[in-house]
Amino acid sequence: MKVAFFDTKPYDKIWFSPLCEQYNIKVKYYENKLCEDTAVLAKGYDAVCVFVNDTVDKATIDILCSIGVKLIALRCSGYNNVDFEAAKDRISVVRVPSYSPAAVAEHAMALLLTVNRKTHKAYIRTKDNNFNINGLLGFDLSGKTAGIIGTGQIGRIFMNICHGFNMNVIAYDPYPSNDESIEYVPLEELFSRSNIISLHCPLTPDTKHIICADNIEKMQDGVLIVNTSRGKLIDSSALIEGLKAKKIGGAGLDVYEEESEYFFEDFSNEIVEDDELQRLLSFPNVVMTSHQGFFTKEAMQAIAEITVKNLISFENGEVINEVYYNDKKRRVIEKRD
Ligand code: NAI
């Protein structure tokens, strides 16, 4: 099997190369992101392997199909960057449904602790022999209410972590789990009761801008918002207004609406033209990381192993961990094998 990897970083090669060699998968690593302009680079390959910020829209899929590519293997769990209606009956799409939900949940708590206790500021101060603690005041998480939007694998682990901090936990999910210990509430109630809101749902037409101006209005004053899911869950301009009005007490963001242009790359010597990104970074109470929630050794190992398993199964005629569009149900269906 021959696979063209897109948006490859050095750490991808570390985990993928030994496994691909072991299973005789021939790999070409491209640093370019997959999109309409780069899809032709996959000519002569059976599959493309892509990540969160590759563009797998209809135009890209048309080119992949025309040059004989049979499989799109996502080396991630989210798939909002794929046009499944365009892929239907033409090219298979597989993903890594789960690799280390703990990695993302733990990163969400790291962001929450940082924003609340201002360790990002303290680190810089003490490095400069400034031992003043003025302005670093936080609040106890113990006894506060965390509102979790999306109680899947990551959301549930984050809930357990919050319980470990002695927090009250409430949740919203249109497809609730049958775990009776979870206190599900309507979304409006979650907004009005939560001191902390953490997003753990996928990006869909229903969840796009779930954090918008109207919903920010309904929140507690000083609410802290954590987003480790997808950037477009938050309307960035509404978040900026909420921060300026001091309605929002802080935000921990591992994802950003327009991240595909910048995240995973070094722009430290460039003029970044995205004014909203720059405004968000200017707030002392916003901590941003560039989509590194997944980035642990355990997660990277699991991503490589499951992706290689997906590739080998496909070569042997079995499509596992497939995601596809179902006409009758008019929605995208996820398989977990
Ligand atoms: P999951 O599929 O296990 O859980 C998602 C949950 O969201 C499900 O319980 C589902 O019912 C719920 N949901 C669906 N529509 C909803 C809505 N309208 N409102 C509220 N909840 C809704 O997914 P998992 O593994 O927990 O991942 C969650 C998200 O985390 C992914 O969609 C992905 O975007 C993001 N992610 C981020 C990573 C990072 O590095 N920052 C890495 C991996 C995933």
Side-chain angles (χ1 to χ4, degrees), residues 2-9 11-12 16 27-97 202-209 227-236 253-267 270 272-274 276-277 290-295 303 307 310-311 314 321-325 331-332 334:
K2 293 172 78 182
V3 184
F5 274 62
F6 285 84
D7 201 10
T8 315
K9 295 286 182 286
Y11 43 83
D12 292 313
F16 274 98
V27 174
K28 172 79 180 174
Y29 292 114
Y30 291 113
E31 288 181 15
N32 312 60
K33 289 190 179 67
L34 178 66
C35 64
E36 185 181 356
D37 298 334
T38 59
V40 70
L41 293 171
K43 192 165 184 183
Y45 292 87
D46 306 300
V48 291
C49 184
V50 301
F51 198 47
V52 291
N53 288 328
D54 290 289
T55 305
V56 197
D57 57 7
K58 183 176 182 311
T60 306
I61 288 171
D62 286 347
I63 296 168
L64 293 178
C65 292
S66 75
I67 58 177
V69 175
K70 304 272 182 306
L71 176 70
I72 298 164
L74 295 159
R75 53 180 191 278
C76 52
S77 67
Y79 47 75
N80 52 280
N81 50 340
V82 180
D83 183 338
F84 287 98
E85 286 180 74
K88 191 175 162 34
D89 298 332
R90 300 171 73 206
I91 189 165
S92 301
V93 183
V94 295
R95 64 164 185 151
V96 183
L203 174 64
T204 66
D206 288 342
T207 58
K208 186 179 176 203
H209 288 178
N227 187 9
T228 54
S229 278
R230 285 293 180 265
K232 285 190 198 302
L233 297 176
I234 297 184
D235 177 346
S236 303
L253 309 172
D254 188 44
V255 286
Y256 166 66
E257 267 200 280
E258 304 301 335
E259 69 176 51
S260 59
E261 176 103 23
Y262 298 103
F263 278 24
F264 305 119
E265 307 297 337
D266 180 0
F267 281 86
E270 316 263 337
V272 170
E273 288 178 9
D274 185 323
E276 289 195 330
L277 176 60
S290 59
H291 210 135
Q292 67 171 79
F294 72 98
F295 201 41
I303 287 170
T307 303
N310 290 344
L311 293 168
F314 185 81
N321 294 320
E322 190 179 16
V323 190
Y324 61 94
Y325 185 76
R331 67 181 177 91
V332 173
E334 304 170 348

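These numbers were taken from a predicted model, which means no experiment stands behind them.
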Seminar exercise, completed: Heavy-atom nearest pair, Ser92 first then Phe314, reads OG-CE1, 3.7 Å

Seminar exercise, completed: The reported gap from CG in Asp62 to CG in Asp57 (rounded to nearest 0.5 angstrom) is 9.0 Å

Exercise. What's the shortest heavy-atom distance between Ile67 and Ala39, and which atoms?
Worked result: CD1-O, 3.5 Å

Exercise. Can a salt bridge be assigned to the pair Lys208 and Asp235 using a cut-off of 4.0 Å between side-chain N and carboxylate O?
Worked result: no

Exercise. Taking side chain as C-beta onward, heavy atoms only, is Ile63 less than 4.5 Å from Glu36?
Worked result: yes

For this session: For the residue pair Asn32 and Asp7, establish whether any side-chain heavy-atom pair is separated by less than 4.5 Å.
Result: no

For this session: Give a yes or no on whether a salt bridge exists between Lys9 and Glu31, defined as a side-chain N under 4.0 angstrom from a carboxylate O.
Result: no

For this session: Taking the side chain as every heavy atom from C-beta outward, state whether Asn227 and Asp254 have any atom pair closer than 4.5 Å.
Result: no

Problem set entry | Side-chain touch Val69/Asp46, heavy atoms, less than 4.5 angstrom | no

Exercise. Is a salt bridge present between Arg95 and Glu334, judged by a nitrogen-to-oxygen distance below 4.0 Å?
Worked result: yes

For this session: Please assess Tyr45 against Val3 for the test side chain to side chain contact (heavy atoms under 4.5 Å, CB included), listing each intermediate value before the final yes or no.
Result: CA-CA 5 Å; Tyr45 292 87; Val3 184; 5.5 Å; no

Problem set entry | Donor-acceptor contact below 3.5 Å, side chain Tyr30 vs main chain Leu41 | yes

Exercise. For Asn310 and Thr307, does a side-chain donor sit closer than 3.5 Å to a side-chain acceptor?
Worked result: no

Problem set entry | Stepwise side chain to side chain contact (heavy atoms under 4.5 Å, CB included) check, Ile91 with Cys65 | CA-CA 7 Å; Ile91 189 165; Cys65 292; 4.0 Å; yes

Exercise. Taking the side chain as C-beta and beyond, is there a heavy-atom pair between Lys28 and Phe5 under 4.5 Å?
Worked result: no

Exercise. Are there more than 12 heavy atoms of other residues, nucleotides or ligands under 6.0 Å from atom NZ of Lys88?
Worked result: yes

Problem set entry | Under 3.5 Å: donor-acceptor pair, side chain of Ser290, backbone of Phe263 | no

Exercise. Are any of the side-chain heavy atoms of Ile72 and Val94 separated by less than 4.5 Å?
Worked result: no

Exercise. To the nearest 0.5 Å, what is the distance between CD (Glu258) and OG (Ser236)?
Worked result: 7.0 Å

Problem set entry | Sidechain N-carboxylate O distance under 4.0 Å for Lys33, Glu261 | no

What side-chain donor-acceptor pairs closer than 3.5 Å can you find for residues 47-55, not counting sequence neighbours?
| unit_1 | atom_1 | unit_2 | atom_2 | d |
| --- | --- | --- | --- | --- |
| Asn53 | ND2 | Glu259 | OE2 | 3.3 |
| Asp54 | OD1 | Leu34 | N | 2.5 |
| Asp54 | OD2 | Phe51 | N | 2.6 |

Exercise. Under a 4.5 Å cut-off applied to non-hydrogen side-chain atoms, are Phe84 and Tyr79 in contact?
Worked result: yes

For this session: Check step by step if side chain to side chain donor-acceptor pair (under 3.5 Å) holds for Asp89 and Tyr324.
Result: CA-CA 9 Å; Asp89 298 332; Tyr324 61 94; over 6 Å; no

Problem set entry | Residue pair Pro202 / Leu233: nearest heavy atoms and the distance that separates them | O-CD2, 3.8 Å

Problem set entry | Distance, nearest 0.5 Å, that separates CD1 of Ile303 from OH of Tyr11 | 10.0 Å

Exercise. Looking only at heavy atoms, what is the nearest atom pair of Ala87 and Val93, with distance?
Worked result: CB-CG2, 4.1 Å

Exercise. Any side-chain heavy atom of Asn321 sitting closer than 4.5 Å to one from Pro97?
Worked result: yes

Exercise. Which heavy-atom pair separates Arg230 from Gly78 by the least distance, and what is that distance?
Worked result: NH2-CA, 3.2 Å

For this session: Identify the heavy atoms of Leu64 and Ala42 that sit nearest to each other, and give their distance.
Result: CD2-CB, 4.0 Å

